[in-house]
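A short write-up of the structure that comes next.
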Amino acid sequence: MNLRSLVKIVNKGQFIRPILNYVVHYLESDKTDKNKNIVNYINVLKLKWDVKYNEALEIIDKEIKGLKKGSLYCLILVEKISILVNLSRNEEIKEVFNQLKEEFEKLPKYLRGIVVEKLKNVRELNFEEKDLQTIRIWSESYENTPATKGFILLSKSRGKKNEEQYDEAVCLNIEAFKILKTVPHPSGMVQALNNISWWLKDTNKEKALAFTFPLGFYLGYYFHDDNFDVFNSLDTMFQVQKNNKDPLVYETAFIFSRLVSSLSGDKKKIIWNEFGYTIHDVRCFVLNIRNRNYLNTKTLRDFIRKEIGKEKIPIDSINVSERTLKEFLSAKTQYIQPSILRNIIDALEFEITTSAPICIIKELKKKDIDKKFEINLEKFKNLSKERQISELFTSYLVHYYKEEIDLKKIIKEIQDDSLIEERCDYYTKELINSVFERNQKIEFNSLLTNAQEPKIYTNKNITFKEHPFYLGREEVVKRFMKDLNKKNLKEFIENYIGLDTRQKKTIEKFIMNYGRYYDLKDIPKEFTPKVPKEINPFVKKYTLKRKPSALSFYVFEGEEREEFVEIISNF
């Protein structure tokens with residue numbers, strides 16, 4: 001195993017995990033122990049990414065005892081200090097820091113960039129200047145490695161932020177993002193964008209909000225649901241959007257809540273420990289757009305009574321009977337129908353704040369969906385049937401409310417020309433609307449220079465845009481759908497519909513990762529996975545490209561890989 005080539009791969013961060021899975025698969029097939037240390041190093045990386053720090057440290061400590069000092073020894077120390085930082089074990093951090101400093105000058109040049117990057121970040125993130133020696137960059141050659149240069153810029157940006165030089169900090173983060181995007185290094189890219197939104201949320205909340213769009217987009221584009229970066233960045237987006245009273249806060253809350261509810265085991269504990277406050281907070285913002293009656297609460301009555309009184313609106317001008325309105329306001333009725341609440345809302349004009357009753361927001365969102373759907377249904381029906389099914393399936397795969405939708409029923413209605421508004425619930429309408437949402441071009445210079453005016457939303461002007469998280473995922477799904485043999489599209493969807501929930505998620509994971517790894521470049525030939533024989537018939541039948549198919553397959557590990565092979569055997 002060529003360690004230099006491995007380092008080139010590792011420099012791309014956890015995005016490169018399927019390639020490491022492929023490497024381990026073939027190294028472990030070698031019955032000799034010559035590659036055992038490298039396999040253990042790769043397993044440490046994976047355990048760290050899975051936030052299984054104690055298991056990783058056990059392997060590290062065994063490896064350090066048995067390894068001679070040198071390249072692999074230092075790589076393992078780099079992972080140890082990274083884990084110790086996450087565990088806030090400062091005395092041990094200092095000890096490993098000094099070990100790495102001592103070994104530094106003995107290292108080959110191709111390894112020095114990784115060590116410099118880690119030491120600088122450890123020092124500037126976790127310690128005062130007096131606690132650890134300054135880390136100077138001995139050579140500009142470290143900055144010729146994009147990943148190293150990107151993380152050095154992130155380190156510099158934190159220094160500017162600590163000095164409250166926010167404009168310089170933002171520019172350094174953007175520069176880091178652009179460099180890391182060439183690698184690509186998704187964790188570093190998202191870290192740069194998250195830094196900007198989080199650091200500006202109290203000093204320039206409108207600019208912080210502008211950067212939540214690219215943050216959400218790349219989050220959806222690159223990351224699987226249970227990744228820590230997803231929760232961390234959604235937390236930032238939620239706080240910034242709430243601070244700006246932005247309508248997207250409700251969808252961010254919905255996504256965050258859905259992801260938390262899907263967690264189990266150690267990951268659930270870790271996320272709850274880290275984001276417990278946000279998890280409780282988002283519950284007040286989660287929209288469920290089913291068309292059901294609302295509980296007549298004191299909060300809702302007080303809000304309506306206040307707005308009617310503020311505008312001095314005569315009761316007879318509201319499109320609700322006087323008796324119905326009085327019974328509602330006096331709490332004689334336990335529930336209020338959505339249509340009645342919407343008529344009351346339509347007669348008023350008020351600013352939307354985060355304290356508005358959630359049922360008010362629900363009705364405003366449903367009204368927005370109806371308005372868009374009136375236009376989009378005709379546009380949708382003007383597409384060819386094949387295109388309708390393809391676009392709907394793409395939209396379906398992307399959104400978290402797909403479980404509320406009977407996909408088989410909608411496809412049948414498309415084929416029978418019987419898809420009409422009266423048969424579409426709000427979830428179906430929202431999916432069809434999302435087919436026509438277009439992704440805005442991300443121009444960082446525009447985000448930096450355009451003056452961001454605080455937006456005041458009222459019940460008359462509010463609109464609910466497609467969430468950038470979904471737009472990012474839509475981009476990767478479209479790549480799969482583009483390559484999928486259209487002659488077999490119907491069969492593929494029918495097979496998918498016949499799966500249980502767990503199996504569907506496995507297929508969805510393959511589809512998403514097919515798109516994510518579509519354009520991955522600069523991978524040494526010996527590390528580029530080949531399509532294994534188990535999935536070759538599936539790849540051929542659906543005319544999928546071989547490289548992204550192989551990479552997406554090696555995203556799976558252990559039993560999940562075996563389950564995927566079993567699932568597609570019926571396709």
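Between E563 and R502 there is a salt bridge, since a side-chain N of the basic residue sits under 4.0 Å from a carboxylate O of the acidic one. Salt bridge present: K366 and E363 bring a charged side-chain N and a carboxylate O closer than 4.0 Å. A salt bridge does not link E475 with R479: every distance from a Lys NZ or Arg NE/NH1/NH2 to an Asp or Glu carboxylate oxygen is 4.0 Å or more. Residues K178 and E175 are not paired through a salt bridge, judged by the lack of any N-O separation under 4.0 Å between the basic side chain and the carboxylate. Of the charged side-chain nitrogens involved, none lies within less than 4.0 Å of a carboxylate oxygen, so that K381 and D417 do not count as a salt-bridged pair.
Taking the six-membered ring wherever Trp is involved, the centroid distance between the rings of F510 and F564 falls below 6.0 Å. Ring-centre distance between F480 and Y518: not below the 6.0 Å cut-off. A centroid separation of less than 6.0 Å is found between the aromatic rings of F275 and F228. Aromatic ring centres of F217 and Y470 lie farther apart than the 6.0 Å criterion allows.
Other residues, nucleotides and ligands place no more than 12 heavy atoms under 6.0 Å from the CZ atom of R387. Other residues, nucleotides and ligands contribute more than 12 heavy atoms inside 6.0 Å of the NZ atom of K201. Within a 6.0 Å sphere centred on NZ of K482, other residues, nucleotides and ligands contribute more than 12 heavy atoms.
What you find for F380 and Q388 is that their closest heavy atoms are O-CG, 3.2 Å.
Not a single ring-ring contact (aromatic ring centres under 6.0 Å, His included) links F254 to another residue, sequence neighbours left out.
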